[in-house]
Amino acid sequence: MEKFVKHEGLVAPLDRANVDTDQIIPKQFLKSIKRTGFGPNLFDEWRYLDEGYPGQDNDARPKNPDFVLNQPVYQGATILLARRNFGCGSSREHAPWALMDFGFRAVIAPSFADIFYNNCFKNGLLPIVLSEEQMEELFQAEAANPGLRLTVDLEAQQVRTPDGKAYDFDIDEFRKHCLLNGLDEIGLTLQEADTIRAYEERRRAREPWVFAEHVNH
Amino acid sequence: MAGKTLYDKLWDAHLVAQREDGSALIYIDRHIIHEVTSPQAFEGLRLAGRQPWRTGAAVATIDHNVPTTPFKSAADITDETSRIQVQTLQDNTREFGITEFGIGDVRQGIVHVMAPEQGAVVPGMTVVCGDSHTSTNGALACLAHGIGTSEVEHVLATQTLVAKKMKNMQVKVEGDLGPGVTAKDVVLHIIGVIGTAGGTGHAIEFAGSAIRSLSMEGRMTVCNMAIEAGARAGMVAVDDITVDYVKGRPMAPTGEQWAQAEAYWRTLVSDDDARFDTVVEIDAADIRPQVSWGTSPEMVVAVDASLPDPQAESDEVKRSGMLRAYEYMGLKPGIKVGDIPVDRVFIGSCTNSRIEDLRAAADVAKGRKKADSVKQVLVVPGSGLVKKQAEQEGLDKIFIEAGFEWREPGCSMCLAMNPDRLQPGEHCASTSNRNFEGRQGNGGRTHLVSPAMAAAAAVAGHFVDVRELG
Ligand code: SF4
C-alpha cells in the first residue's frame, strides 16, 4: 500500500452533502477486474455531458464546464473538500480507487460513511474528519482564494493553511501506523496465525456446525 | 455490570485478539462472494502467493451482471465486460476450490437472498461480503456487514477482519402495523426519521413488537436497508420465527448438532439490562405506506402526503440537497405523491425479491392490468429457488396476465449493470433500496416503495395508496 506521511497540494471544493459511491464511480465502470484506470470516470455523470461507458475515449467526450473538477483552477487538485456523509452507499472499493487514480490523496469532510472511510485506508487515501464549522471555514477560505493549497500532516494529525492556521484531526492509532508505514495488513494479520488457529479450535468445540464442509453438488 | 446487547454478544464471541491500539481481530464465519467486488481480491492473493485460509467458509454466486433473460453459459452474455466478470468468478472459485452457485444452478441468485435460503447463514455467525447490503443477513441474529475488496482479500487470506467495535443503537418499533403497511414501509419510515447518516458508526438492533411480528423475509427487508440509515450492520434477535426459518435448510445443522445449535441461538437476544448508546422509539401506528421522492432514501414521505417544502428546512446543507433533488427528479414541492406519473416499475432486488414480496405484488396484480402509460413492469425473483416456488404457486401467470414481465433471477434494474435500465427522465416505482442519481440508469428517477405499492402503481400509472385499491 502507498504510504502517507505528509502531503501538500491543491484543494478542490465539492459543495454537496451525501455524495454517494454511485456518483463517485458509476456502476458501469465496476465491470473492470482491475484496481486501476478508474480516474477518468471519477464523478462521471457530473463531469461529462454524455453518458459514459467503459472503453470510451474520455478525452473526446463533452465536459460539463460547470463541474468543479473541470474548471482550470482545479486542474491537478489532490485534496478534496467535501460535505457530510461523503461516500455513502455501496461498499465498492472502486470509489477510493477512482479518487486515487484521479490524483486525490486526501478527502476532508465533516463525516464519512463507514465502509467508504474504511476502504480509503486500505489504499493510502487519507479521509480526514473536521467539524462542520471548520469545514465551513475551509470552504470559505477556498472560495475567497481559489487555488488554495493545504498541507496535510498525518504524523502531526494536522491540516494547515498557507497562512499558518492549523486544524487538528483524530485518527485511529492502528490506521495511522499502517498508513505512515505503507504496511500490508494481511501480512501483519498472518503474524497472528497461531492465535487465529487457537481461536478456531475453541469455536469448533463449541459450534461445530460453523465449520461443516458443504460439498457443491 | 450491565447486561449485553445482541451485538455485544456477537462481537465477544468472535473476538480473536484485542490489540493495544484499540483495533481488534474478529473471526469471520461466512464469506459470501460475487463477481463484481472479488476479482481484484483473488488477483491480490495470486500476486502474493497466498492461499485461502478456509475455503469451506466461502460461498459464491453471480448476481450483479447476469441478464434476466434466459441464458445457458457465460458465452451467452452479450456485454463483454459483464461476461468477463462472470467468467472470472467461475475461474477463481474453481482455482481456489470455493463453492459457486453459477449459471444454470437453481440456487444461483442475489447473494443476500441465496445465503439465508441455503442456510449458509445461521444465527450467531459473522457474515461478510463485498457488498453493503450484507446487513440483510443480520435478520438471522448475525453480525453481518459489507466490506471493501481489500477486506475481501484479507478475509480470504486470514479468515479475520481488522475491526473496531461499533456503537450500539436500538430502533424500537412498538405497536401493530396497519393494513397495507409492510416491512419496506417500516424501514423507509425509520430512515425518514433518523436520516441516511443516523446510524453511522453504529450497529442497529431492530426491536419492538412490530419487528417481532414480521416474518423472516420482512426482517431481512428491514436489515437490508440498515446501510441506507448509515449503519453497516442491522440485526434482529433470535425467536421462534428465526429458528423455524433455519430448520431444514440445506446447509443448516441437523440431528444432535441442531439441538446444540438451537440452545445456543436462543441466547442471542439483548439482555434486559443491556445498554444502548442510542435508542430510537417509533410508534407503529404512525407508519403509512411510503414513497421516496428524492435522490436519497431519507427523502421519503407517506403516500397520502405532499412533497416537502425546502424553504421550511432550517439546515442549509439539507436544503440545498433537497433543491438539487427536486431539479433532478423533475418534481415540485407541494405536489401530491399520487400525482407523480410512473413510467416503469421494478419489483425485485435484495430488499424485496423473496417469495413473500412476490406474493404481495401478485395479490395486487391479480385480475388487474398494467396501465397503458406504464412502459414496462419487471418482476425479477431473487434466486432460482424463489422463481421456482413462485411458479409453483402460479404467481408468474398472475404477473404475465397483468402485463408484467417475469424474469430470471439477479440484481437487474436495482443498479442497471445488466441490460435492464431506465431511460433519462423516466420515473420508476422500484422495490429496491437506493434512489441515487443514475442508479437505475443515467438520468433515471427512482421512487422506493414496497412490492404492493409498486404493483399498485403499475396498475394505476401513478402512485396510489394500496390501502384504497380494495
Ligand atoms: S439487488 Fe441491488 S442492492 Fe442488492 S446486491 Fe444486487 S445490486 Fe446490490
Side-chain angles (χ1 to χ4, degrees), chain A residues 15-18 20 22-23 26-28 30-35 45 51 54-55 83-85 88-94 96 111-115 118-119 122-123 132 172-175 177 184-187 189-190 192-193 195-196 199-200 203 206-216, chain B residues 16-17 19 21-23 25 27 29 36-37 39-40 48 50 56 65 81-82 84-85 88 99-100 122 124-125 130-132 146-151 153-154 157-160 162 164 196-197 200-201 230 232 251 253 257 261 264 296 317-318 320-321 324 415-417 434 436-439 442:
Chain A
D15 194 1
R16 45 172 104 192
N18 297 314
D20 60 71
D22 279 81
Q23 263 136 29
K27 68 258 161 186
Q28 61 268 38
L30 307 190
K31 292 181 184 180
S32 165
I33 56 171
K34 300 198 174 67
R35 279 174 192 261
E45 288 180 15
E51 183 174 351
R83 294 293 190 182
R84 69 177 77 143
N85 203 24
C88 59
S90 86
S91 63
R92 63 188 70 161
E93 201 158 315
H94 312 68
S111 60
F112 292 91
D114 289 342
I115 304 182
N118 201 29
N119 281 340
K122 316 286 176 187
N123 295 283
E132 296 261 3
D172 265 10
E173 264 317 300
F174 177 73
R175 286 173 163 150
H177 174 73
D184 164 24
E185 251 187 46
I186 297 179
T189 302
L190 285 174
E192 297 180 71
T195 316
I196 302 172
Y199 169 87
E200 277 182 324
R203 272 298 292 296
R206 227 170 48 220
E207 290 167 71
W209 58 88
V210 170
F211 297 86
E213 292 283 337
H214 297 273
V215 186
N216 177 27
Chain B
V16 173
R19 295 168 171 167
D21 56 26
S23 69
L25 208 55
Y27 191 77
D29 298 329
V36 180
T37 51
Q40 297 88 351
R50 289 177 177 134
N65 274 288
T81 47
S82 287
I84 292 173
Q85 276 195 340
T88 304
T99 298
E100 186 200 355
V122 297
M125 279 185 165
D131 194 288
S132 58
I147 55 177
T149 297
S150 295
E151 289 176 314
E153 186 181 337
H154 193 279
T158 71
Q159 214 51 52
T160 63
V162 178
K164 212 175 162 182
T196 47
T200 303
R232 289 182 85 170
M251 293 167 81
Q257 275 191 13
Y264 168 58
S296 162
V317 177
K318 274 199 178 155
S320 72
R324 214 188 296 272
L415 91 168
M417 267 183 89
R434 289 193 175 132
F436 298 158
E437 288 182 24
R439 169 86 178 178
N442 201 293

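All values reported here derive from a predicted model rather than from experimental measurement. Quick note on labels: first sequence line is chain A, next is B, and so on, each numbered from 1.
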**OP:** Identify which of A/Gly187, A/Pro208, A/Ala212 forms the greatest number of heavy-atom pairs closer than 4.5 Å to chain B.
**Re:** A/Pro208
Subject >> Top contributor to chain B contacts, counting heavy-atom pairs under 4.5 Å, from A/Asn119, A/Ile196, A/Thr195, A/Asn85 >> reply: A/Ile196
Subject >> Part of B/Ser23 within contact of chain A (heavy atom distance under 4.5 Å) >> reply: side chain
Original post:
Using non-hydrogen atoms only, which part of B/Arg439 is less than 4.5 Å away from chain A: side chain, backbone, both, or neither?
Top reply: both
Original post:
Got a second to check how far A/Leu30's CG is from B/Thr37's OG1, nearest 0.5 Å?
Top reply: 9.5 Å
Original post:
Given a strict heavy-atom distance threshold of 4.5 Å, which part of B/Thr88 is in contact with chain A: side chain, backbone, both, or neither?
Top reply: side chain
**OP:** Measure the shortest side-chain to side-chain distance between B/Asp131 and B/Val36 over non-hydrogen atoms and say whether it is less than 4.5 angstrom.
**Re:** no
Subject >> Test item: side-chain donor near acceptor, B/Ser132 and B/Arg434, under 3.5 Å >> reply: yes
**OP:** Please state whether the side chain, the backbone, both or neither of A/Pro26 comes within less than 4.5 Å of a heavy atom of chain B.
**Re:** neither
**OP:** Measure distances from A/Glu185 to the heavy atoms of chain B and classify the residue's part below 4.5 Å as side chain, backbone, both or neither.
**Re:** both
**OP:** Could you tell me which of A/Gly55, A/Ser111, A/Ala193, A/Pro54 has the largest number of non-hydrogen atom pairs under 4.5 Å with chain B?
**Re:** A/Ala193
**OP:** Measure A/Asp15 against the heavy atoms of chain B and call it side chain, backbone, both or neither at under 4.5 Å.
**Re:** backbone
Original post:
For chain B, which of A/Cys88, A/Ser90, A/Ala17, A/Ser32 has the most heavy-atom pairs under 4.5 Å?
Top reply: A/Ser90
Original post:
Distance from A/Arg92 atom CZ to A/Ile115 atom CD1, nearest 0.5 Å?
Top reply: 11.5 Å
Original post:
Is it the backbone or the side chain of A/His177 that comes under 4.5 Å from a heavy atom of chain B, or both, or neither?
Top reply: neither
**OP:** Name all residues meeting the ring-ring contact (aromatic ring centres under 6.0 Å, His included) criterion together with B/Phe436; count only those two or more places apart in sequence or in a different chain, and write none if there are none.
**Re:** none
Subject >> Listed partners of B/Glu437 passing side-chain hydrogen bond (donor to acceptor under 3.5 Å, both in side chains), at least two apart >> reply: A/Trp46
**OP:** Could you look at B/Thr160 and say if it's the side chain, the backbone, both or neither that has a heavy atom under 4.5 Å from chain A?
**Re:** side chain
Original post:
Which atoms of A/Lys34 come close to chain B, meaning under 4.5 Å heavy atom to heavy atom: side chain ones, backbone ones, both, or neither?
Top reply: backbone
Original post:
Where do A/Gln23 and A/Asn18 come nearest, in terms of heavy atoms and distance?
Top reply: OE1-O, 4.3 Å
Subject >> Between B/Gly56, B/Ser150, B/Ser296, B/Gly124, the one whose heavy-atom pairs under 4.5 Å with chain A are most numerous >> reply: B/Ser150
Subject >> CZ on A/Arg203 to OH on B/Tyr27, rounded to 0.5 Å >> reply: 7.5 Å
Subject >> Heavy-atom contact with chain B under 4.5 Å, split by part of A/Phe211 >> reply: both
Subject >> Atom pair CD/CZ of A/Glu132 and A/Arg83 - distance to nearest 0.5 Å >> reply: 7.5 Å
Original post:
Looking at B/Gly130, B/Ala17, B/Pro39, B/Gly321, which one has more heavy-atom pairs under 4.5 Å with chain A than the rest?
Top reply: B/Pro39
Original post:
Is chain A contacted by the side chain of B/Leu415, its backbone, both, or neither, given a heavy-atom distance below 4.5 Å?
Top reply: both
**OP:** Can you tell which part of B/Ala261 gets under 4.5 Å to a heavy atom of chain A, answering side chain, backbone, both or neither?
**Re:** both
Original post:
Can you tell if the side chain of A/Asn118 reaches within under 4.5 Å of the side chain of B/Glu151, non-hydrogen atoms only?
Top reply: yes
**OP:** Considering only heavy atoms and a distance below 4.5 Å, find which of B/Lys318, B/Gln159, B/Met125, B/Glu153 pairs most often with chain A.
**Re:** B/Glu153
Subject >> Flag side-chain contact, heavy atom, 4.5 Å: B/Thr158 against A/Leu190 >> reply: yes
Subject >> Engaged part of A/Glu51 at the chain B interface, taking heavy atoms whose separation is under 4.5 Å >> reply: both
Subject >> Region of A/Arg206 in contact with chain B, defined by heavy-atom distances below 4.5 Å >> reply: both
**OP:** Measure the NZ-CG distance between A/Lys31 and B/Asn65 for me, rounded to the nearest 0.5 Å.
**Re:** 5.5 Å
Original post:
Do we get B/Arg19 above A/Phe174's six-membered ring, with its NZ or CZ under 6.0 Å from the centre and within 45° of the axis?
Top reply: yes
